[in-house]
Amino acid sequence: MKPYSRITGTGSHLPARRVTNADLAAELAARGVETSDQWIVERTGIRARHFAAPEVSASDLGAHAARQALEAAGMRASDIDLIIVATSTPDMIFPSAACILQHKLGVGGCAAFDVQAVCSGFVYALTVADSMIRTGAATNALVVGAEVFSRILDFNDRGTCVLFGDGAGAVVLQASDTPGILASDLHADGKHVGILCVPGTVSGGRILGDPLLKMDGQAVFKLAVGVLEDAARAALAKAGKTEADIDWLIPHQANIRIMQGTARKLKLPMDKLVVTVDEHGNTSAASIPLALDVSVRSGKIKKGDTVMLEGVGGGFTWGAVLLDF
Ligand code: UT7
């Protein structure tokens, strides 16, 4: 049994339809909802997002990202013995998106399940996969973040519908003699359930409650900057590292102002901050692996770099993973 886990391949996928702020503003205007490119850019840093076609599911996006990650790792799907999908927009109530994705990859038999921690889902899933590898329960894991948030947006609520997009990112995490994942720090506080939620469910064949996203943006904003700093510092302390050891900071891509605030609190120069929110919007559990893959493929993140991943979202959930790439 090897003592560590390490990322050996990354992948990502965005649906073809790119919607700019101007496109979205025009669509919303037709509903009588007013917004502008200027407001969205100034308040969030978002310039565009991608929306999936109606027949495309989270597992479809995730399967594309997973195939890329497998190719980058030089592995076949049949080599994988654990699949974890982080999503809050699964294809069905059950089975999990992970089981559906497994079948789309043309394999069967390995453990597969979803993790639901909203925008912190990927750091939760990566931590679970790392723990399973280090205890010998798995050797080659596929960890995916995949979302179709466009399905749960209220396009009459300009305070939320301009923020989110669809997409997927994936990593192959393998047992390794050298680290890899250096430390994780995960948290949740259910008392904040109401500030970011989709307060609906199904019962007796009917939708109960409201199945569209609700958010108190300012409350989320204030909580996010503080907890992201705490989680990053806790992960650094567990790994015996300091801020100066971080080569790249990949926070959840929700709002450029939250991301810059976090980088400032960690005293990191802005050129160590990975930013994809401008082109992807907030893709919830997909945002971190998407940003990681984009940075790896562009040559920004190189083998051996120390990377801090940070998630925060509904629950309220938050956490950080520090790793050597
Ligand atoms: O993944 C989960 C994590 N989620 C987040 O990180 C979101 C955190 N929160 C935020 O990013 C920000 O709170 C928002 C971007 C959601 C909102 O920015 P804000 O600076 O907090 O704006 P606000 O909600 O205080 O609204 C300011 C004004 C309001 O108008 P009045 O009351 O001042 O007249 C809003 O009605 O902006 C108005 N507004 C808009 N105007 C044009 C809200 N949404 C829009 C819009 N276009 N899309």
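Worth saying up front: this structure is predicted, and the values here are computed from it rather than measured. As the structure lists them, so they are numbered: ligands from 1, and atoms in each ligand from 1. When reading the values below, keep in mind they use all heavy atoms of this one structure, side chains included, and skip hydrogens, waters and symmetry mates.
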Does E279 come within less than 4.0 Å of R49, counting only side-chain N to carboxylate O? no
Between ligand 1 and the protein, which N/O pairs fall short of 3.5 Å?
unit_1, atom_1, unit_2, atom_2, d
ligand 1, 1 (O), H252, NE2, 3.0
ligand 1, 1 (O), N282, ND2, 2.6
ligand 1, 9 (N), G217, O, 3.0
ligand 1, 11 (O), N255, ND2, 2.6
ligand 1, 13 (O), G217, O, 3.3
ligand 1, 20 (O), R43, NH1, 2.8
ligand 1, 20 (O), R257, NH2, 3.2
ligand 1, 22 (O), R43, NH1, 3.2
ligand 1, 25 (O), Q218, NE2, 2.5
ligand 1, 36 (O), R158, NH2, 3.1
ligand 1, 37 (O), W39, NE1, 3.1
ligand 1, 41 (N), W39, NE1, 3.4
ligand 1, 47 (N), T35, OG1, 2.6
ligand 1, 48 (N), T35, OG1, 3.0
ligand 1, 48 (N), R158, O, 2.9

Could you give me the CA-CA distance, side-chain angles and deciding distance for Q174 and T139, then say whether side chain to side chain contact (heavy atoms under 4.5 Å, CB included) is met? CA-CA 6 Å; Q174 289 189 259; T139 308; over 6 Å; no
Can you tell me which residue pairs pass the side-chain hydrogen bond (donor to acceptor under 3.5 Å, both in side chains) test with a partner in residues 260-273, sequence neighbours excluded? none
What ring pair (Phe, Tyr, Trp, His ring centres under 6.0 Å) pairs are there with at least one residue in residues 3-35, not counting sequence neighbours? H13-H64
Give every residue pair that meets the side-chain hydrogen bond (donor to acceptor under 3.5 Å, both in side chains) criterion with at least one member in residues 118-133, sequence neighbours excluded. S5-D130, S120-T317, T127-S184, D130-R134
Atom pair CG/NZ of L292 and K300 - distance to nearest 0.5 Å: 12.0 Å
